[in-house]
Amino acid sequence: MPMSTFKHLFTPIRLGALEIPNRVFMSPHGMVGLPIGSDQQAGYFEARAKGGSGFLGIASCQVVPAPLVPPGWFIRGYHRDDIPAIKKIVDGVHKWGSKVFVQGVWMMADFNQAQASGIAPHTVLTDTQPRSMTIDEIKALAEAHVVTAMHAQEAGADGFEFPIGGGAGMQSFTSPLYNQRTDEYGGSLQNRMRVIVEIIDQVRLRCGRDFGLGLAVNADDSTLGGDGLSEGIAMCQLLADTGKVDWLRITARGQKPQMTQYHYPSSYMPEGTHLYAAAEVRKELKSMPIVSGGRVLTAQFADQAIADGKCDMVFVARSVIADPEWPNKSRARKFDEIRACIGDLEGCFLRSCIGQPVGCTVNPDVGFEHEATLAPAAKIKKVVIAGGGVAGMQAAMVAARRGHNVTIFEKSEEMGGHVTMQAKLPGLEDRSDIVRWLGLQLKKLNVDIRLHTKATPESIAALAPDAIVVATGSTYSRTGISKNQLTPIPGADFAHVLTPEDLLCEHARAGKRVAVYDNTSYEVGPGVAELLANQGKEVFFVTTDSGFAMSVTELGINKVISSRLLPKVTFIPDTRIKEIDPEHLTLQNVYTGKITTLENIDNTILVTSKPPQESLYHALIGKVPELYLIGDARESRWSVFATDEAIKDGRRIGLIL
């Protein structure tokens with residue numbers, strides 16, 4: 001491996017008695033859907049250890065039974081039956097010289113819910129306001145943390161971490177926003193931290209000094225009314241003063257679900273969202289190892305954060321979900337080979353919000369790391385793929401890696417389809433990276449890519465393919481038909497009515513007063529509106545929804561978009577377009593029926609639905625030896641999961657061919 005020019009990120013660090021090979025800290029993230037104790041679960045962790053992460057966290061190991069959490073989501077840290085599952089992960093990680101810890105979490109998900117005090121709602125899994133705990137219950141909860149740490153040690157883990165921020169249950173003790181007790185567990189900082197110190201003392205007593213122990217701290221709770229960093233720094237100082245804590249992992253503002261946009265920062269957020277808080281903690285705690293990060297995309301950024309004294313280790317999650325080899329590729333300076341996180345949060349966290357298996361939008365191999373490398377095709381085929389969006393690109397890559405001869409027909413001047421189009425919108429520029437990465441792989445595999453070439457039955461037949469994959473995608477409707485309006489809008493066929501493709505791909509010019517009509521509840525409509533507003537247009541955003549981008553509310557992205565757009569556009573919610581004429585829009589409130597008029601509108605942009613472009617598929621049925629339909633051409637998604645499903649579909653077909 002070539003020598004790295006990084007000065008800090010790939011140097012060893014000592015956390016208490018633990019010698020960590022580098023400063024890449026894979027922060028705990030629950031990969032819901034990988035069965036507990038399975039080869040899939042262990043293989044996921046082993047791939048990231050092999051990829052060069054120095055210290056890896058096993059997420060959300062429950063310290064007490066959690067009946068409100070769906071069975072099989074998380075390891076039961078309290079239960080001896082799950083020790084083998086932890087050991088299986090630990091053994092896989094240790095095989096590559098990395099270290100691993102168990103994250104013990106109390107989610108307050110019992111039927112007999114209680115918290116430090118009943119003064120404030122607790123909302124991580126459900127909107128509730130539990131009663132105050134008794135002293136005996138507090139003692140039992142502390143013991144449960146210690147038992148989980150002991151189970152982790154028995155399984156061979158190198159350490160244990162538990163959170164006191166971000167919405168986790170123990171925050172109900174440490175935060176003055178939650179804790180209004182008047183006994184020895186409430187009031188002063190020392191009293192509010194008492195149960196935390198009791199856990200620390202007992203872990204040290206029963207697990208010894210060589211076992212690693214860390215805490216995750218929300219150092220800035222100002223977003224929910226707290227006084228911010230002063231309280232967080234004081235907590236960290238108290239923890240450091242115990243002399244029994246080996247590292248502190250610093251986050252900020254990330255209360256779930258109210259402030260999820262800070263806990264899981266998306267494309268719209270800057271790199272290193274938590275580092276400002278870590279830097280302030282580091283100023284006060286000179287010798288305590290500080291870990292921090294927040295949407296860290298490049299090793300260069302991580303290395304500079306350490307060089308600047310903001311932290312000692314940098315935590316990453318999504319970067320190594322997207323590419324397990326992110327550390328090794330960075331260290332070897334193979335930056336172009338890194339498949340970067342695109343920050344949409346749909347394939348990972350959003351999947352867990354709706355009880356689906358967690359994966360990654362850009363990495364469809366999540367959960368399959370334990371399998372052998374791609375098997376060569378039993379029969380080499382000539383494959384034509386109609387459409388160069390990400391579904392077609394992924395299918396081409398997998399098929400070519402298996403030995404097939406692949407040709408892609410793409411009618412436009414560039415690859416990537418709707419992903420490339422979205423990357424032209426403000427705040428979503430990073431989405432282009434998956435198109436870049438797939439394009440690089442196709443070039444290395446000598447895939448024949450024919451741009452400006454429309455796939456027709458005749459042009460395909462000329463190549464005499466053995467198999468055809470139709471990946472022609474979808475196109476925004478010009479009728480205005482949407483999930484809320486199943487009849488065309490009168491006047492939608494006027495020339496001044498445009499779609500996102502007209503603006504972003506065909507370079508249509510919009511006038512001074514523009515209406516964006518969005519019924520997809522996603523980020524494209526707001527992105528188009530912001531793009532036009534940034535050009536100096538007067539923009540009216542009309543939607544039947546009550547807010548922007550409602551399909552990504554669990555991610556907090558709707559809040560970020562609202563903050564960006566409300567100062568720039570006129571927002572007209574709960575409203576449909578009743579009719580379009582050459583100069584005006586007739587609007588109708590969907591609840592009151594009130595009719596209003598928007599006058600002197602130069603252009604109306606329809607972001608309402610995306611019918612599949614399926615005609616080629618139907619024309620080929622029964623006329624070719626092997627035919628497949630994938631991506632948006634098979635089932636168009638105009639809100640969340642479109643890119644995620646398209647890439648997974650491409651992988652699936654590439655393996656079938």
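- Here the options are Ser521, Ser609, Ser639, the test is side chain to side chain donor-acceptor pair (under 3.5 Å), and the partner is Lys483; only Ser521 passes.
- Annotation: side chain to side chain donor-acceptor pair (under 3.5 Å) contacts involving residues 340-350, sequence neighbours excluded, comprise Asp344-Thr361, Glu346-Tyr522.
- The distance between the ring centers of Phe571 and Phe548 falls below 6.0 angstrom.
- Judged by distance alone, with hydrogens and angles left aside, the side-chain atoms of Lys568 form no donor-acceptor pair with the main-chain N or O of Ala529 at under 3.5 Å.
- Listed for the Arg48 side chain is a donor-acceptor partner under 3.5 Å among the backbone atoms of Tyr44.
- Considering every non-hydrogen atom in both Arg564 and Pro567, the closest pair reads O-CD, 3.6 Å.
- Between Trp106 and Phe173, the angle of the ring planes lies from 30° to 60°, which puts this pair in the tilted group.
- Ring-plane geometry between Phe25 and Trp247 is classed as perpendicular, the angle between the planes exceeding 60 degrees on a 0 to 90 degree scale with a lower cut at 30.
- At least one side-chain heavy atom of Met313 sits under 4.5 Å from a side-chain heavy atom of Leu15.
- In this structure, the side chain of His263 does not engage the main chain of Met259 through any donor-acceptor pair within 3.5 Å.
- Atom CD1 of Ile119 has 12 or fewer heavy atoms from other residues, nucleotides or ligands within 6.0 Å.
- A donor and an acceptor atom, one from each side chain of Tyr264 and Glu554, are nowhere located under 3.5 Å apart.
- Counting only distance, with no hydrogens or angles, the side chain of Glu137 and the backbone of Ser132 share no donor-acceptor pair below 3.5 Å.
- The side-chain heavy atoms of Val24 and Trp326, taken from C-beta on, include a pair separated by under 4.5 Å.
- Of the listed residues (Pro28, Cys61, Ser27), just one forms a side chain to side chain contact (heavy atoms under 4.5 Å, CB included) with Glu161, and that residue is Pro28.
- Within the 3.5 Å criterion, the main-chain N or O of Leu56 finds no donor-acceptor partner in the side chain of Ser53.
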TODO: Dump the intermediate steps for side-chain contact (heavy atoms from CB on, under 4.5 Å) on His274 and Val291, then the final yes or no.
DONE: CA-CA 10 Å; His274 305 304; Val291 185; over 6 Å; no
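- Between Tyr262 and Thr223 the shortest side-chain heavy-atom distance falls below 4.5 Å.
- Looking only at distances, a side-chain donor or acceptor of Gln103 sits under 3.5 Å from a matching main-chain atom of Ser60.
- No side-chain heavy atom of Glu538 sits less than 4.5 Å from a side-chain heavy atom of Leu532.
- Between the side chain of Ser352 and the backbone N or O of Val358 there is no donor-acceptor pair closer than 3.5 Å.
- A heavy-atom distance below 4.5 Å is not found between the side chains of Arg249 and Val217.
- Inspection of the Arg576 and Asn484 side chains reveals no N or O donor paired with an N or O acceptor under 3.5 Å.
- At a cut-off of 3.5 Å, with distance as the only test, a side-chain donor of Thr520 or Asp518 sits close to an acceptor on the other residue.
- By the 6.0 Å and 45° rule, Arg192 does not stack over the aromatic ring of Tyr185.
- Judged purely by atom type and a 3.5 angstrom limit, Asp308 has no side-chain atom pairing as donor or acceptor with the backbone of Lys310.
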Open item on the list: Lys424 vs Glu429, test: salt bridge (Lys or Arg N to Asp or Glu O under 4.0 Å). Steps then yes/no.
Closed with: CA-CA 6 Å; Lys424 297 176 182 180; Glu429 294 85 357; over 6 Å; no
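- Listed by chain and number, the residues in a side chain to side chain donor-acceptor pair (under 3.5 Å) with Lys648 are Asp644 (sequence neighbours excluded).
- In this model, a donor atom of one side chain and an acceptor atom of the other lie less than 3.5 Å apart for Gln422 and Arg431.
- Checked by atom type and distance alone, the side chain of Asp574 never pairs as donor or acceptor with a backbone atom of Val590 at under 3.5 Å.
- Ring pair His418/Tyr476 is perpendicular by interplanar angle, where above 60° counts as perpendicular and below 30° as parallel.
- Under the side chain to side chain contact (heavy atoms under 4.5 Å, CB included) rule, Ser175 has a single partner from Leu224, Asn218, Asp221, which is Asp221.
- Panel note: side chain Glu271, backbone Ala302; no donor-acceptor pair is recorded below 3.5 Å.
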- [ ] Could you give me the CA-CA distance, side-chain angles and deciding distance for Asn519 and Thr608, then say whether side chain to side chain donor-acceptor pair (under 3.5 Å) is met?
- [x] CA-CA 5 Å; Asn519 277 342; Thr608 54; over 6 Å; no
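- A cation-pi geometry, defined here as NZ or CZ lying under 6.0 Å from the six-membered ring centre and within 45° of its normal, holds between Arg351 and Phe641.
- Atom CG of Asn179 is separated from atom CE of Met170 by 10.5 Å, given to the nearest 0.5 angstrom.
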